[in-house]
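When a residue number appears, it is its place in the shown sequence, counting from 1. These numbers come from the heavy atoms of this one structure, side chains and all, not from hydrogens, waters or symmetry mates.
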Amino acid sequence: MRRLLTVLLGSAALLGGGAHAADKKPVEGEIPKAIKTLHDGFLTLDTHLDTPEHFARKGWSMLDRHAYLDDLTQVDLPRMKAGGLDGGFYVIYTGQGELTAEGYRFARDFALERATEIREMVAAHSDQFELAYTAEDAARINKSGKSFVYQSIENSWPIGEDLTLLRTFYDTGVRMAGPVHFRNNQFADSSTDPKGKIWNGYSPLGLRWLAEANRLGILIDVSHASDDVVDQSVALSKAPIIASHSGAKAIFDHPRNLDDGRIKKIAASGGAICINSVYLKAPTPPSAERKAALDALGPQPESGSEAEVKAWVKKLMEVNAKYPFPRANFETFMASMLHTLKIAGPKGVCVGADWDGGGGVEGLEDVADLPKITARLKAEGYSDADIQDIWSGNVLRLVAGAQAYAKSVAK
Ligand SMILES: [Zn+2]
């Protein structure tokens with residue numbers, strides 16, 4: 001599943017990350033101390049951490065410091081501390097499969113297992129991590145010296161046709177959910193299904209999914225959804241919505257990105273767009289030599305030991321060094337964020353870089369690099385209050401808004 005995701009997203013590793021390994025300096029050396037102190041003072045979160053994909057990896061721990069160039073991971077507790085990342089939304093991601101009773105059962109079990117793995121990670125390191133359920137939990141947990149763990153659903157395929165399962169996931173702690181992923185499903189059209197739209201937005205069942213998520217207090221996430229779904233979510237959701245990992249179409253015209261009109265619409269309705277580090281530039285097709293080398297390397301071992309994974313990654317990085325590949329960089333990422341800020345304003349922008357899900361660009365390789373964003377926003381003239389909103393204030397406002405609606409209709 002992970003490899004499929006990596007291929008589809010055109011991950012940094014496959015696009016040539018390794019070529020820059022030697023000259024990458026530690027972030028502490030690049031950021032002025034005053035900025036680092038300022039950054040560390042902010043409550044920060046990222047809305048799209050795909051890190052749970054690694055939780056069941058044999059011999060891999062959130063407490064160890066890893067390196068992207070060794071094992072392709074981008075988030076762990078030591079790097080979160082280095083980058084001043086206080087917490088985030090950990091994703092229960094399920095790739096899209098068949099819309100059949102059997103497919104739904106498979107997806108349900110897969111997602112419940114992933115949710116369990118998140119809880120198990122937190123339980124195993126309960127002195128370092130704590131599950132977060134309300135908007136207030138982030139600051140409280142941070143103050144206690146722990147890292148806060150919200151949960152979100154990417155792709156609601158696992159809900160099948162049984163909307164009561166949304167309640168089950170809510171009870172495990174899910175506070176944000178997107179209806180759809182790369183392909184259309186029972187609830188909604190995807191922005192990237194090659195077959196085009198089948199529902200013209202939400203399906204009739206999808207409209208009930210939306211109403212149920214609202215009723216429970218789950219924040220509606222429109223990343224990956226078609227433009228029609230974005231419009232209908234803004235119009236029909238009872239609480240403002242989020243795009244947890246999306247970018248500006250004005251920077252790179254891709255169906256996963258949002259046009260200025262929709263950025264404006266989401267922000268004007270009280271919602272926010274969390275800036276992705278994927279879909280920032282058109283991928284350059286690999287040269288014949290590079291393609292041959294990647295074919296010879298073969299796919300990443302699916303359930304290999306850490307040693308096997310690292311041996312494979314080492315060979316991949318050798319291919320990357322030999323056949324370097326143009327990548328998007330920090331400037332392109334900031335261009336997407338700054339453009340969205342111009343359209344949405346500082347109350348309508350947040351950070352969701354798709355770490356461990358295909359994110360990362362040259363100069364923003366893992367969460368240890370996050371203070372660079374604060375440095376750049378400061379340099380662009382944004383106030384400390386604006387930057388605090390971008391790092392967590394806006395997202396927590398939306399979490400609170402979704403829960404306030406749920407409370408208002410609770411019997
Ligand atoms: Zn995604």
Legend entry - Test of ring centre spacing under 6.0 Å for H48 and F89: no
Review item, side-chain donor-acceptor pairs of residues 340-351, under 3.5 Å, at least two apart:
{"unit_1": "T340", "atom_1": "OG1", "unit_2": "S336", "atom_2": "O", "d": "2.7"}
{"unit_1": "K347", "atom_1": "NZ", "unit_2": "D389", "atom_2": "OD2", "d": "2.8"}

Inset, instruction - Taking the side chain as every heavy atom from C-beta outward, state whether H66 and P78 have any pair of such atoms under 4.5 Å apart. - result: no
Inset, instruction - Look at atom NZ of K378 and say whether more than 12 heavy atoms of other residues, nucleotides or ligands are closer to it than 6.0 Å. - result: yes
Legend entry - Pairwise side-chain contact, Q74 with E365, heavy-atom cut-off 4.5 Å (strictly under): no
Legend entry - Student check: side-chain heavy atoms of I159 and F169 closer than 4.5 Å: yes
Legend entry - Flag side-chain contact, heavy atom, 4.5 Å: T47 against S152: no
Legend entry - Validation row, ring centre F325 to ring centre Y323 under 6.0 Å: no
Legend entry - Check against salt bridge (Lys or Arg N to Asp or Glu O under 4.0 Å), D295 and K291: CA-CA 6 Å; D295 287 347; K291 198 177 168 303; 3.2 Å; yes
Inset, instruction - Considering only NZ, NE, NH1 and NH2 on the basic side and carboxylate oxygens on the acidic side, decide whether D227 and R262 come within less than 4.0 Å. - result: yes
Inset, instruction - Mark yes or no for whether T172, through its side chain, and A115, through its backbone, hold a donor-acceptor pair below 3.5 Å. - result: no
Inset, instruction - Among V149, V75, V91, I118, find the one that has a side chain to side chain contact (heavy atoms under 4.5 Å, CB included) with T51. - result: V75
Inset, instruction - Would you indicate whether the side-chain heavy atoms of E289 and K322 approach each other to under 4.5 Å? - result: no
Inset, instruction - Taking the side chain as every heavy atom from C-beta outward, state whether E113 and D109 have any pair of such atoms under 4.5 Å apart. - result: no
Inset, instruction - Would you check if L38 and D384 make a side-chain contact, meaning some heavy-atom pair closer than 4.5 Å? - result: yes
Inset, instruction - Take atom CZ of R208 as the centre, draw a 6.0 Å sphere, and report whether it contains more than 12 heavy atoms from other residues, nucleotides or ligands. - result: no
Inset, instruction - Answer yes or no: is there a donor N or O on one side and an acceptor on the other, between the side chain of D189 and the main chain of G201, under 3.5 Å? - result: yes
Inset, instruction - Please work out which of the three classes, parallel, tilted or perpendicular, describes the rings of W157 and F106, given edges at 30° and 60°. - result: tilted
Legend entry - Backbone N/O of V122 and side chain of E130: donor-acceptor pair under 3.5 Å: no
Inset, instruction - Decide salt bridge (Lys or Arg N to Asp or Glu O under 4.0 Å) for E306 and R57; before the verdict, give the C-alpha distance in whole Å, the side-chain angles of both, and the deciding distance to 0.1 Å. - result: CA-CA 8 Å; E306 279 305 280; R57 233 164 113 166; 2.9 Å; yes
Inset, instruction - Take atom CD of E98 as the centre, draw a 6.0 Å sphere, and report whether it contains more than 12 heavy atoms from other residues, nucleotides or ligands. - result: no
Inset, instruction - Using modelled atom types only, decide if a donor and an acceptor are shared between the side chain of N155 and the backbone of T94 within a distance under 3.5 Å. - result: yes
Inset, instruction - Look at the side chain of T44 and the backbone N and O of D86, then say whether any donor-acceptor pair between them is shorter than 3.5 Å. - result: yes
Inset, instruction - Give a yes/no verdict on a cation-pi contact between R175 and Y170, requiring under 6.0 Å between NZ or CZ and the six-membered ring centre and an angle within 45° of the axis. - result: yes
Inset, instruction - To the nearest 0.5 angstrom, please state how far the CD1 atom of I373 sits from the CZ atom of F42. - result: 12.5 Å
Legend entry - Side-chain (S203) to main-chain (G206) donor-acceptor, under 3.5 angstrom: yes
Legend entry - Check: L43 main-chain N/O paired with S392 side-chain donor or acceptor under 3.5 Å: yes
Legend entry - Aromatic ring pairing H254/F252, orientation class (parallel under 30°, perpendicular over 60°, tilted between): tilted
Legend entry - Non-hydrogen side-chain atoms of K146 and F129 separated by less than 4.5 Å: no
Inset, instruction - Name the orientation class of the two ring planes belonging to H39 and W391 (parallel below 30°, tilted from 30 to 60°, perpendicular beyond 60°). - result: perpendicular
